2 protein chains.
Amino acid sequence: MATLNDVAAVAGVSPTTVSRVINNYGSLSEKTKTKVFAAMRELNYAPNNLARSLSGKKTQLVGLIFPSVSNPFFGELVATLENTLFAAGYKTILCNSANNADKERAYLRMLAANQVDGIITSTHNLGITEYQKIALPIVAFDRNLAPTIPIVSSDNYQGGRIAAEALVSQGCRHIVMLVSSAETPEPTNDRQRAYADVLQQHHLTPQVTPLGFTTDVSVKRLTIRTLLQDDPTIDGVFCSDDLTALLVLEEAEQLGRKVPADLKIIGYDGTPFMQAYHPELATIQQPFNALGQLLIATLTACIDGRPPKVLAPLPVQLRPGRTLTLDWA
Amino acid sequence: MATLNDVAAVAGVSPTTVSRVINNYGSLSEKTKTKVFAAMRELNYAPNNLARSLSGKKTQLVGLIFPSVSNPFFGELVATLENTLFAAGYKTILCNSANNADKERAYLRMLAANQVDGIITSTHNLGITEYQKIALPIVAFDRNLAPTIPIVSSDNYQGGRIAAEALVSQGCRHIVMLVSSAETPEPTNDRQRAYADVLQQHHLTPQVTPLGFTTDVSVKRLTIRTLLQDDPTIDGVFCSDDLTALLVLEEAEQLGRKVPADLKIIGYDGTPFMQAYHPELATIQQPFNALGQLLIATLTACIDGRPPKVLAPLPVQLRPGRTLTLDWA
DNA sequence: TAAAAATTGTCAAGCGCTTGACAATTCATC
DNA sequence: GATGAATTGTCAAGCGCTTGACAATTTTTA
């Protein structure tokens with residue numbers, strides 16, 4: 001690897017001048033700049049970022065801690081984030097936490113050791129104190145990590161409300177909600193709260209079924225199938241994510257339940273992927289790009305020491321589909 | 001951030017001793033080790049990886065260049081890779097090249113500047129010479145980058161063959177193949193070659209329809225719909241990826257074609273995601289985990305200077321589903 | 001208890017770059 | 001051709017760590 005000194009030698013200037021060119025400071029004539037750039041090209045030179053960062057420059061590295069990009073939801077979000085970060089001159093270190101506390105801890109240490117400029121995270125398995133120890137800019141997606149850590153999210157309560165009301169308005173009387181975990185302090189639980197509120201307002205009984213965090217889909221399928229089989233009165237299902245809604249749709253149709261006539265289904269997230277490949281699924285659409293932009297904007301604000309303003313949840317939107325059409329006939 | 005010197009001070013030992021503990025060399029008593037570890041914990045110390053790498057240590061960074069993790073196929077692959085890399089002590093820098101040559105070039109420069117130990121890539125928009133300039137261990141997934149760069153892939157020819165034969169054996173006589181791009185020098189084109197060979201052996205006429213690299217699904221949908229509408233004799237479709245197969249299935253059913261009675265469909269890839277959420281789709285299943293393991297094993301071999309043995313393509317497997325059942329009645 | 005072995009300390013150079021201070025050179029201007 | 005401004009060079013310290021050489025100290029062993 002060519003070094004700055006090599007470039008200087010080839011360009012016939014001093015190392016300091018090369019550094020001046022790289023960092024664009026001091027006064028420089030066009031002629032020298034050209035010479036230096038030519039030498040860089042000739043040597044295929046790239047400044048050693050380790051050395052640059054060691055001597056004070058920012059690393060321009062950002063850590064992304066998400067459960068797993070194998071989940072299309074996070075895959076799409078991470079893709080958006082990476083694109084935006086790249087455009088802003090940042091590099092992305094990917095961390096799939098797998099909802100594993102030890103791994104998450106290891107990732108935080110590692111990111112600190114690598115001197116990242118900031119972290120965006122969407123997992124939460126560690127205690128608040130562990131996050132407060134991190135002396136790094138952090139932004140959370142849909143998680144309460146610590147009082148000091150800004151949260152970017154969309155309006156989960158509103159989303160839950162819209163979904164529940166849609167089901168009720170279309171005549172559902174026995175509406176079940178499927179979630180991963182019934183009790184968490186996370187913002188996403190607002191969906192569940194809203195669902196319960198709406199049903200109670202309509203004098204209906206909320207019924208929340210937790211499916212757990214298992215990645216084994218067959219287990220989920222079985223739970224869903226059993227639920228539907230055991231209770232033929234169920235006429236509406238609200239899932240806290242689209243993939244689960246997909247399973248409900250498939251299982252319901254296999255059981256001979258007519259969707260949406262007998263059973264109406266609505267999911268949550270509405271990623272571009274779902275929109276493209278499963279437009280039949282009604283869902284609550286999160287503002288995907290806006291969330292990505294806001295996450296990055298908030299993080300860069302923290303990095304640059306600008307106070308992150310209080311963040312309002314972004315609005316969500318009902319996207320109807322075959323599984324829940326909106327007829328006001 | 002605490003430094004090595006701070007740790008030394010707290011532990012009451014010399015900086016050199018702390019370094020010895022970190023790197024586990026020289027002779028050290030258990031007592032000092034304990035003291036030093038205690039001091040590290042107390043200060044929440046993490047060695048500065050920039051400094052370590054600058055003074056000769058490897059960075060333990062690996063760059064992953066893939067079109068985009070928003071595509072579930074790459075999302076799952078990248079997740080596997082990241083997990084395996086993490087287990088092996090490597091950190092992952094994620095690069096979504098978006099099939100964009102400029103971006104890919106920028107990524108390569110960036111990764112070099114960050115002194116990554118190696119690169120795994122699955123895009124190919126740059127010239128061979130540009131890859132040969134990179135003086136870094138590189139492993140390619142399913143791409144011909146340069147003669148010197150090892151390729152990990154599964155057996156594309158075999159996969160194409162199995163798919164085509166399955167369709168033929170089930171009575172299809174007018175079999176269309178949908179690909180992204182008809183002419184590429186990539187290994188994935190072997191699927192198409194095999195398809196053509198099989199059809200010719202059976203005195204059938206191959207018909208390859210390219211859909212392009214567009215990410216706009218509605219365009220693809222339209223092309224597919226038109227294709228099916230214009231030619232009712234089509235009774236078999238082989239798609240070079242599962243997502244396209246999904247579109248064919250949806251469009252076909254909307255057009256009233258009975259699947260699999262009137263039209264049989266087979267996709268390609270067979271990711272865990274598809275297996276879980278679309279078991280109805282027949283497909284050629286790539287050995288997902290094996291590919292991931294082999295990619296990493298090959299890369300680490302290159303990094304450690306061990307000669308990468310010639311790599312045989314891994315075997316693929318037919319996974320039947322409702323869209324193409326295997327009845328030999 | 002002396003000699004050998006193990007442990008720890010001191011010192012210094014170096015990884016590649018940035019940055020400030022200051023000197024030397026070139027340039028434009030009147 | 002002198003004056004001040006712009007440009008470039010020289011020099012050195014430092015970022016945090018590693019590593020080798022060697023000295024000083026402690027522990028172990030015979």
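Just so it is clear, the structure is predicted and the values come from calculations on it, not from any experiment. In what follows, chains are A, B, ... by sequence order, proteins preceding strands, each numbered from 1.
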Can you identify which nucleotide, out of D/dT18, D/dT10, D/dG16, has its nearest atom closest to the B/K57 side chain?
D/dT18
Write down the distance between CG (A/N23) and P (C/dC17), rounded to a whole number of angstrom.
11 Å
Could you please name the option among C/dC17, C/dT7, D/dT18 that lies closest to any side-chain atom of A/L4?
C/dC17
Starting from C1' on C/dT26, measure out to CG on A/L28 and report it in whole angstrom.
14 Å
Output yes when at least one side-chain N/O atom of B/S27 is less than 4.0 Å from OP1 or OP2 of C/dA6, else no.
no
Please name the residue in the list A/L77, A/N71, A/T121 that meets the side chain to side chain contact (heavy atoms under 4.5 Å, CB included) test with A/F66.
A/L77
Of the nucleotides D/dT8, C/dC17, D/dG16, which has the atom closest to the A/T17 side chain?
D/dT8
Using a heavy-atom cut-off of under 4.0 Å over every strand shown, decide if B/P47 touches base, sugar-phosphate, or nothing.
sugar-phosphate
Within the distance-only criterion (no hydrogens, no angle test), does the side chain of A/E186 pair as donor or acceptor with the backbone N or O of A/N144 below 3.5 angstrom?
yes
CZ of A/R52 versus C1' of C/dG16: gap in Å, rounded?
11 Å
Given atom CD1 of A/I22 and atom C1' of C/dT18, what is their separation to the nearest angstrom?
10 Å
Is a side-chain N or O of B/S70 found less than 3.5 angstrom from the main chain of A/G75, in a donor-acceptor match?
no
Quick one: are B/P272 and B/E76 in side-chain contact, heavy atoms under 4.5 Å?
yes
B/R20, nearest nucleotide to its side chain (from D/dT18, C/dC17, C/dG9):
C/dG9
Check every strand shown and say whether B/T16 touches a base, only sugar-phosphate, or nothing at a heavy-atom separation below 4.0 Å.
base
Selected nucleotide, minimal atom distance to A/Y25 side chain, candidates C/dT19, C/dA6, D/dG16
C/dT19
Under 3.5 Å, side chain of A/T92 to main-chain N/O of A/L94, donor-acceptor pair present?
no
CG of B/L54 versus C1' of D/dG14: gap in Å, rounded?
12 Å
Does the pair A/K133/A/E130 count as a salt bridge with the N-to-O cut at 4.0 Å?
no
Using a heavy-atom cut-off of 4.0 Å across all strands, would you classify B/T3 as base, sugar-phosphate, or nothing?
sugar-phosphate
Would you mind classifying the nucleic acid contact of B/S53 as base, sugar-phosphate or nothing, using non-hydrogen atoms under 4.0 angstrom?
nothing
Residue mapping more 5' on DNA chain D - nearest nucleotide basis, B/G56 or B/K31
B/G56
In this structure, how many angstroms lie between the P atom of D/dT18 and the CG atom of B/N5, rounded?
11 Å
Describe the nucleic acid contact of B/L50 in one word from base, sugar-phosphate, nothing, applying a heavy-atom distance below 4.0 Å.
nothing
Using a cut-off of less than 4.0 Å, is there contact between a side-chain N or O of A/N48 and OP1 or OP2 of C/dC17?
no
Give the rounded distance in Å between these two atoms: CD of B/E30 and P of C/dT7.
10 Å
If I take atom CG in residue A/D6 and atom P in nucleotide C/dC15, what distance separates them, rounded to the nearest angstrom?
12 Å
A/S19 has its side chain closest, among C/dG16, C/dT19, C/dT10, to C/dT19
Closest-nucleotide mapping onto DNA chain C: is B/T32 or A/S55 further toward the 5' terminus? I mean the 5' end.
B/T32
From the candidates D/dC15, D/dT8, D/dT18, the one with an atom nearest any side-chain atom of A/S29 is D/dT8
